[in-house]
Every structure is written in structure tokens, then in C-alpha cells.
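Written below as C-alpha cells is the structure these notes are about.
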Amino acid sequence: MAASRKLATGSVDETTAEEERRVLEPGAAPFGNFPHYSRFHPPEQRLRLLPPELLRRLFPQSPETRPILGLDVGCNSGDLSVALYKHFLSLHDGQTCSDASRELHLLCCDIDPVLVERAEKECPFPDGLTFITLDFMNQRTRKVLLSSFLSQFGRSVFDIGFCMSITMWIHLNHGDQGLWEFLAHLSSLCRYLLVEPQPWKCYRAAARRLRKLGLHDFDHFRSLAIRGDMANQIVQILTQDHGMELVRCFGNTSWDRSLLLFRAKQATDTHPIPESLIEEGKERNRLRFRRQ
């Protein structure tokens, strides 16, 4: 993500036309801010891989730990954020729960104010999900907004962060150092991280879309040294450089993206990882992510 650009406010017809243009020309969304993203990658593909009881297993509830606080970076128009919220609370379509926000609260951010506005308007759980416009790579703004949210709950870090198909856009727009810093920020802010990295073939496809539209290539695409097996590259950065450990790989979506759960190592003594979660994922982790 590059610096956020303030989008002009126009009529409903103008906004709709702009969104339709961006759907037809996905290269016009160089930060990954695709309108109607869930049409391309439905939330159900991720949900089928994630146990509904995951958060309750990671964070056994007690009065002093409620609610579980989550950070969703790159939430787009909120479809996946809402789906994750319903999934982890075992809520069905059309069902609401007055106590849901006491158990789980998500702060969802995206660089695109148009998408955030839509997410706010369409969110069925306004007490449990907060949507904000944020360029996560803007250190000053990030610190102010995230600290303000956490202070409402008397916390200094989030229990879990969600980084779903965002790493490529950070990498393309900010280079190797930007990706490294992005993962450093996330790992310092969250006890757990659920990451869905895009594979290298997606990088090539994104660059090809820009060229097809006659636009300039991503500034960093050709100079990236971090490339190849991007899931394994991100595992190495988080575990070797940023003090996290890979807890489990939940498998791959139909579009071939891994769902990887990490945990901050310093939290292990005070909050042990559920043994069942370790055993379920141990063999898959060993086979898929051998150290290079």
C-alpha cells in the first residue's frame, strides 16, 4: 500500500460508475482495493479451513480477558471480516447476538475510504466490528488509531491479527524492506497472526494487469529479492526475524493460498498453545514448511 489518497465524493451514479470501472479493470486497484472482492474469492473458501471454535480454544474466556480483540488489516468492504466474526461466534445468516461484542471485537482497516464506508453501512454487527480508513504503512497514523482503539479496552496489543491476501500488495508497493517492516509491525501488535500470503504467480499476474492497461509497472516488482515460495518466505521472516512461531497450516484455499497461524514466542509460557491444535497441525507443518 502506498500513501492513502483521498477519494473525491461524488453522486451515487458517479460512485457506481467508478466502482464498475475498477471491477472491469482490476489493474486500476494497485493496492488490492478491489470493489466486490468477495466475488472473486468467496469468504467460504477460507472458513471451511478454519475451526469455528479456534478463538475459543486459543483464548479460554474469563472475565478479565473479554472480549477477544482482533485486527483485520486490508478488510476491503468487510465481507470477509463479517464472515469471520459470524464463523468464530457460530452465528447463522440473519442471526444476531446481543452479547457477541462482549466476546469478540474486530478492528478492521483498509486504505480505501470508499470500501470502508460501504463496510460500515452494510455491517450487521456494528457493536462488534469497527471499520476505519488506515494506510497501515503510515507509522504515525497507525500508532494513533490503533492505540486509541486498544486503550478503550485497557489493552496494549491485539489477541489476534488477520492478514488475508495483503502481503503481496505491501511487497509490490513498498519493496522487500516494506514487507519486512509490515510483518514486524504486525508481530509486535498481535499475540497471534493468521496470514494468507499470495503466491509468486499472483505477483506476476498483478504486474501483467498493469502493463495490459498501459500503466507503469509496480516500482519494486523487478527489484524484489524476496520471491519464489512466498508462504515459506513469510514463515522465515516471522519466525527467524520477528520472534514468532508457526503453530499450524490450516491448508490451502481453492486458489492455492495457505492459511498460516503464528504465535508470539514470548506469550507461550503464560498462555500455552492448546495441545490439540499443535498435534492437528504438526504433520502438515513439517511436510509443507521445511527450513531452507
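The model shown is predicted, which means the values in this text are computed figures rather than measured ones.
Counting only distance, with no hydrogens or angles, the side chain of Asp72 and the backbone of Cys75 share no donor-acceptor pair below 3.5 Å. Side chain of Gln198 to backbone of Met168: a donor-acceptor contact under 3.5 angstrom is found. Although no hydrogens or angles enter the test, the distance criterion places no donor-acceptor pair under 3.5 Å between the side chain of Asn33 and the main chain of Asp112. Looking only at distances, no side-chain donor or acceptor of His171 sits under 3.5 Å from a matching main-chain atom of Arg227. At distances below 3.5 Å, at least one donor-acceptor pair connects side-chain atoms of Asp135 with backbone N or O atoms of Met137. With His105 contributing its side chain and Asp127 its backbone, the two residues share a donor-acceptor pair below 3.5 Å. A donor-acceptor pair under 3.5 Å is absent between the side-chain atoms of Asp110 and the main chain of Val73, judged by distance alone.
Smallest separation of non-hydrogen atoms from Arg155 and Asp159: NH1-OD2, 3.1 Å. The two residues Pro30 and Asn173 come nearest to each other via the heavy atoms O-ND2, 3.1 Å. Nearest heavy atom pair, residue Gly175 against residue Leu224, reads CA-CD2, 3.8 Å. Ser223 and Asp176 make their closest contact through O-OD2, 4.2 Å (heavy atoms, listed as atom of the first residue, atom of the second, distance). Of all heavy-atom pairs between Cys109 and Leu134, the closest is CB-CB, 3.9 Å. Listed here is the closest heavy atom pair of Cys108 and Leu129: SG-CD2, 4.1 Å.
Atom CG of residue Leu84 and atom CG of residue Leu80 lie 4.0 Å apart, to the nearest 0.5 angstrom. Expressed to the nearest 0.5 Å, how far OG of Ser165 lies from CZ of Phe34 amounts to 10.0 Å. Put simply, CD on Glu196 and CG on Asn252 are 9.5 Å apart, with the number rounded to the nearest 0.5 Å. Rounded to the nearest 0.5 Å, atoms CG (Leu106) and CZ (Phe88) are 9.0 Å apart. From Leu172, atom CG reaches atom SG of Cys202 across 10.0 Å, with rounding to the nearest 0.5 Å. Taking CE of Met230 as the start and CD1 of Ile237 as the end, the distance is 6.5 Å to the nearest 0.5 Å.
Linking Ile, Leu, Val, Met, Phe, Trp and Tyr residues whenever their side-chain heavy atoms come within less than 4.5 Å leaves Leu150 and Val144 in two separate clusters. No single ILVMFWY cluster, assembled from side-chain heavy atoms under 4.5 Å apart, contains both Trp255 and Leu259.
Within the 4.5 Å cutoff, side-chain heavy atoms of Leu104 are placed close to those of Leu55. Side-chain atoms of Val157 and Leu189, non-hydrogen and from C-beta on, never get closer than 4.5 Å to each other. Annotation: side chain of Leu91 is in contact with side chain of Phe125 (closest heavy-atom distance under 4.5 Å). Between Phe250 and Leu54, the closest side-chain pair of non-hydrogen atoms falls below 4.5 Å. Residues Arg56 and Ser90 meet the side-chain proximity criterion, which asks for heavy atoms closer than 4.5 Å. By the 4.5 Å heavy-atom criterion applied to side chains, Arg257 and Pro197 are not counted as neighbours. Looking only at side-chain heavy atoms (C-beta outward), Arg48 and Gln45 come within less than 4.5 Å of each other. When side chains are defined from C-beta on, Leu193 counts as touching Leu238, because their heavy atoms get closer than 4.5 Å.
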Show your working on side-chain contact (heavy atoms from CB on, under 4.5 Å) between Leu261 and Leu58 and close with a plain yes or no. CA-CA 11 Å; Leu261 181 67; Leu58 294 178; 4.3 Å; yes
Before you tell me yes or no, could you show the steps for Tyr85 and Leu89 under side-chain contact (heavy atoms from CB on, under 4.5 Å), namely the whole-Å CA-CA distance, both residues' side-chain angles and the distance that decides it to 0.1 Å? CA-CA 6 Å; Tyr85 193 80; Leu89 293 178; 3.5 Å; yes
Given the rule in the side-chain contact (heavy atoms from CB on, under 4.5 Å) test, do Thr253 and Leu49 qualify, once you have shown the distances and angles that lead to the verdict? CA-CA 8 Å; Thr253 64; Leu49 299 173; 4.2 Å; yes
Apply the test side-chain contact (heavy atoms from CB on, under 4.5 Å) to residues Leu194 and Leu260: give CA-CA distance (whole Å), side-chain angles for both, the deciding distance (0.1 Å), then the verdict. CA-CA 6 Å; Leu194 184 65; Leu260 310 173; 6.0 Å; no
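Aromatic ring centres of Tyr203 and Trp169: separated by at least 6.0 Å.
By the ring-ring contact (aromatic ring centres under 6.0 Å, His included) test, Phe162 pairs with no residue at all, sequence neighbours left out. Judged as a ring-ring contact (aromatic ring centres under 6.0 Å, His included), and not counting sequence neighbours, the contacts of Phe221 are Trp200.
In this structure, Arg66 does not pair ionically with Glu103, as no charged nitrogen and carboxylate oxygen lie closer than 4.0 Å. The existence of a salt bridge linking Glu117 and Lys121 is confirmed by a sub-4.0 Å separation between a basic side-chain nitrogen and an acidic carboxylate oxygen.
Other residues, nucleotides and ligands contribute at most 12 non-hydrogen atoms within 6.0 Å of the CD atom of Gln139.
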Please tabulate, for side-chain N and O atoms in residues 178-187, each donor-acceptor pair with protein atoms closer than 3.5 Å (sequence neighbours left out).
unit_1: Trp180; atom_1: NE1; unit_2: Asp241; atom_2: OD2; d: 2.9
unit_1: Glu181; atom_1: OE2; unit_2: Gln177; atom_2: NE2; d: 3.1
unit_1: His185; atom_1: ND1; unit_2: Arg142; atom_2: NH2; d: 3.4
unit_1: His185; atom_1: NE2; unit_2: Arg142; atom_2: NH2; d: 3.4
unit_1: Ser187; atom_1: OG; unit_2: Leu183; atom_2: O; d: 3.0
unit_1: Ser187; atom_1: OG; unit_2: Ala184; atom_2: O; d: 2.9

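Only one option out of Phe158, Phe59, Phe262 pairs with Tyr192 in a ring pair (Phe, Tyr, Trp, His ring centres under 6.0 Å); it is Phe59.
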